[in-house]
*Asks:* 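Sharing a structure, written as structure tokens. Questions coming.
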Protein chains: 2
Amino acid sequence: MDVTIYEVARRAGVSIATVSRALRGTGPVAPKTREKVLKAVEELRFTPSRLGVSLAEGRHAANGIVFPNLAGPYYTEVLLGYEEVASELGRSVVILSTKGRSRVHDLVKDLAGRVDGLMVFGHTVPDDLVAELVRMRMPLVFVSREPLPGADTLRSENTTSARALAEHLLGHGYRRFTFLGAPIATGDDVDERWQGVRSVLGTAIEAVPTEHYTVEYGYQAAKTLLRAPARPEAIVCSDDEVALGALLAAEELGLAVPDELAVTGWDDIMAARHARPALTTIRQPMRELGARAARALDELITGARDTPNHLVLTTELVLRASCGHHPQEEPK
Amino acid sequence: MDVTIYEVARRAGVSIATVSRALRGTGPVAPKTREKVLKAVEELRFTPSRLGVSLAEGRHAANGIVFPNLAGPYYTEVLLGYEEVASELGRSVVILSTKGRSRVHDLVKDLAGRVDGLMVFGHTVPDDLVAELVRMRMPLVFVSREPLPGADTLRSENTTSARALAEHLLGHGYRRFTFLGAPIATGDDVDERWQGVRSVLGTAIEAVPTEHYTVEYGYQAAKTLLRAPARPEAIVCSDDEVALGALLAAEELGLAVPDELAVTGWDDIMAARHARPALTTIRQPMRELGARAARALDELITGARDTPNHLVLTTELVLRASCGHHPQEEPK
DNA sequence: TGCCTTTCTGTAAGCGCTTACACAACTGAT
DNA sequence: ATCAGTTGTGTAAGCGCTTACAGAAAGGCA
């Protein structure tokens, strides 16, 4: 930064405190004095240093967000909602992806040093570091994670919608099911979805893992599954990406969806809508999730609230062609 | 921040300069002294303040990125590539979306105060502000924008691939074309695509605008177009989202793609691959774009280079079912 | 005119860290 | 033992900004 507040003060013939007051409106400044200051600011094209302001104020006016990675539309949509609200609240957004990164501790610590609060996806920050951030009284909002003492959590509803999905599939007459994309951790989103469908389908459904929740891994696992002698009538997938992989496998093996095999997803990402057949899925209010997280974090940062909230946003069963024929087909 | 370097120094019985040297490895420190310092750091759980470090060093160790918005997978993929390389280079990433925002000047200025350099998509930052950032010697890399003096630009190739696409469509035997999603600005990416196809197809193709480059607007424009008496044989779309909209319109009007109408896109986003028929498109190396931008910016920030570069990354024609039948169908 | 109140302004002390420079201590060679 | 060179350490000056507090100036009223 070239120009400092000292040069502005010199040019305007006032003290730096007066420059600060004139620019920030934090105290009385005579109209004539203000004019002199603003004139000097314009002539010198002065912009206050973000660093100086933050250090002196003791606040960053920025929010952090930690996610596994951006691959997959789910995270993007949440980020979009988050960034929009953060910006409205006058905060910058600093992002960090942790997947495949070494030194996650250092990365998160560095991030924490730049922001006034953090939104964290699931378990992307190690638990010991979470404990330390809590100890440091860093405002935290967790998304897609089971309730955690001392921090806000925010997630989409899984169990009820999973049950509704399972019941809908029973209504189509299917009797043999596979849950593709077995949960990795107890209590996370996918585990809740699994528990939900299993509570309805019981022993009629078994879980098959995919190493990751991606199209490619979903495709591989589905191809193996569909080549086996005892094929399910319907595959309930952990998420839309795995479901898209299952659709590809079915297509390749010449299985007609939904006539020979039904497939469902979760999330309602763009590609789910444009696949053919279009995927039946559960719509997650992803942008709303991000927006709500940013608002919750604001409350914690400003001290408007200091007791943790645990929010669950409703999800919605979206019927499309992939699970079977419906009397009145979805328009889009 | 609770613990400062002064408390560490007091606990270790050394000066703050020694603490700094021991932690940063910037000068000689006796082994015994280093141990004392590290012990104090551990006991007090000291983390250096990012603000203090940045102010004293005169550098942020962070990169900024300005984009219109995150809606649409293109920007996300670029961001992903950017963030990955930035992190490898030890930098945080601060994001800003400008679409629909008031006070863009202030937002960009604030962002500039937090980072060592900026990557900017196209024209998302007003030209007068760009000029000011250049004057301030803020390192800048522009993506998807015509070459600009004094700053790096980086874009994907448009014209050659557009010509290859047009020639491929001619090879299918089509003779009446529409370019859906007319360029908004001369010289931008879509304009180059339009110029490319027009240089091959001449008066056989006309441009039809869509208000925005989104699925919804593409759908509306395509529906209007396909209802008119003189229907094109092939629609060349500005990008994949508009093309997905055109596919929806064709489906709704009962037009078989590609038998009755061919459709092509641009970008090769996920949904383009999963649509049915799968979209013929031009693959943009979006992650590579982001990664290269981060590297170029690093060179500018570190002073490894001070003359602007203008890079063009190659794109690739991806043949799928939407433009017609090919002797050997694409596997996926 | 004098007193009181309000408005305005400047000084100094931080916020947390880095590091140039001066000096001390140590080591090795003569 | 002395000298020269190297290693190690502390002090002080910043980096850029905010603001509490003290004092000055201005205005209004008796």
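Hydrogens, waters and symmetry mates play no part in the numbers below; they use all other heavy atoms, side chains included.
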*Asks:* Please list, for nucleotides 22-26 of chain D, all pairs of protein and nucleotide N/O atoms separated by less than 3.5 Å.
*Replies:*
none

*Asks:* Under the rule for salt bridge (Lys or Arg N to Asp or Glu O under 4.0 Å), what residues qualify as partners of K36(A), not counting sequence neighbours?
*Replies:* none

*Asks:* Could you state the CZ-P distance from R50(A) to dT18(D), rounded to the nearest angstrom?
*Replies:* 9 Å

*Asks:* Among residues 9-22 of chain A, which contact DNA chain D at a heavy-atom distance under 4.0 Å?
*Replies:* I16(A), A17(A), S20(A)

*Asks:* Pair F121(B), M119(B) - check side-chain contact (heavy atoms from CB on, under 4.5 Å), show working.
*Replies:* CA-CA 7 Å; F121(B) 274 101; M119(B) 168 182 146; 3.7 Å; yes

*Asks:* Identify each donor-acceptor pair in which a side-chain atom of residues 5-30 of chain A lies under 3.5 Å from a protein atom, sequence neighbours left out, and give them as a table.
*Replies:*
{"unit_1": "R11(A)", "atom_1": "NH1", "unit_2": "E43(A)", "atom_2": "OE1", "d": "2.6"}
{"unit_1": "S15(A)", "atom_1": "OG", "unit_2": "A17(A)", "atom_2": "N", "d": "3.3"}
{"unit_1": "S15(A)", "atom_1": "OG", "unit_2": "T18(A)", "atom_2": "N", "d": "3.2"}
{"unit_1": "S15(A)", "atom_1": "OG", "unit_2": "T18(A)", "atom_2": "OG1", "d": "3.2"}
{"unit_1": "R24(A)", "atom_1": "NH1", "unit_2": "E57(A)", "atom_2": "OE2", "d": "3.4"}
{"unit_1": "R24(A)", "atom_1": "NH2", "unit_2": "E57(A)", "atom_2": "OE2", "d": "2.8"}

*Asks:* Look at D191(B) together with R155(B) and state whether they make a salt bridge at an N to O cut-off of under 4.0 Å.
*Replies:* no

*Asks:* Show the nearest heavy-atom pair for residues G64(A) and L111(A), with the distance to one decimal.
*Replies:* CA-CD1, 4.2 Å

*Asks:* For dT19(C), take OP1 and OP2 only and decide whether either is under 4.0 Å from a side-chain N or O of R24(B).
*Replies:* yes

*Asks:* For DNA chain C, which residues of residues 51-62 of chain A approach it to below 4.0 angstrom with any heavy atom?
*Replies:* L55(A), A56(A)

*Asks:* Hey, are R101(A) and E83(B) close enough for a salt bridge, meaning a charged N less than 4.0 Å from a carboxylate O?
*Replies:* yes

*Asks:* Once you round to the nearest 0.5 Å, how far does OG of S54(B) lie from CG of D116(B)?
*Replies:* 7.5 Å

*Asks:* Rounding to an integer number of Å, can you tell me how far F46(B) CZ sits from dG16(C) C1'?
*Replies:* 8 Å

*Asks:* Can you tell me the distance, in whole Å, between the CZ atom of R114(B) and the P atom of dG16(D)?
*Replies:* 17 Å

*Asks:* Output the single nucleotide from dT19(C), dT7(C), dG16(C) whose closest atom is nearest the side chain of P28(A).
*Replies:* dT7(C)

*Asks:* Looking only at side chains, do S92(A) and D110(B) share a donor and an acceptor under 3.5 Å apart?
*Replies:* yes

*Asks:* Strictly by modelled atom types, are T153(B) and H310(B) linked by a side-chain donor-acceptor pair under 3.5 Å?
*Replies:* yes

*Asks:* Let me know the distance between CG of L23(B) and C1' of dT18(C), rounded to the nearest Å.
*Replies:* 12 Å

*Asks:* Go nucleotide by nucleotide along DNA chain D from the 5' end; which of Y6(B) and P31(B) gets its closest nucleotide reached first?
*Replies:* P31(B)

*Asks:* Among pairs that include at least one residue of residues 133-143 of chain A, which meet salt bridge (Lys or Arg N to Asp or Glu O under 4.0 Å), considering only residues two or more places apart or in two chains?
*Replies:* E132(A)-R135(A)

*Asks:* Does any N or O in the side chain of D188(B) come within less than 3.5 Å of the main-chain N or O of V190(B), such that one atom is a donor and the other an acceptor?
*Replies:* yes

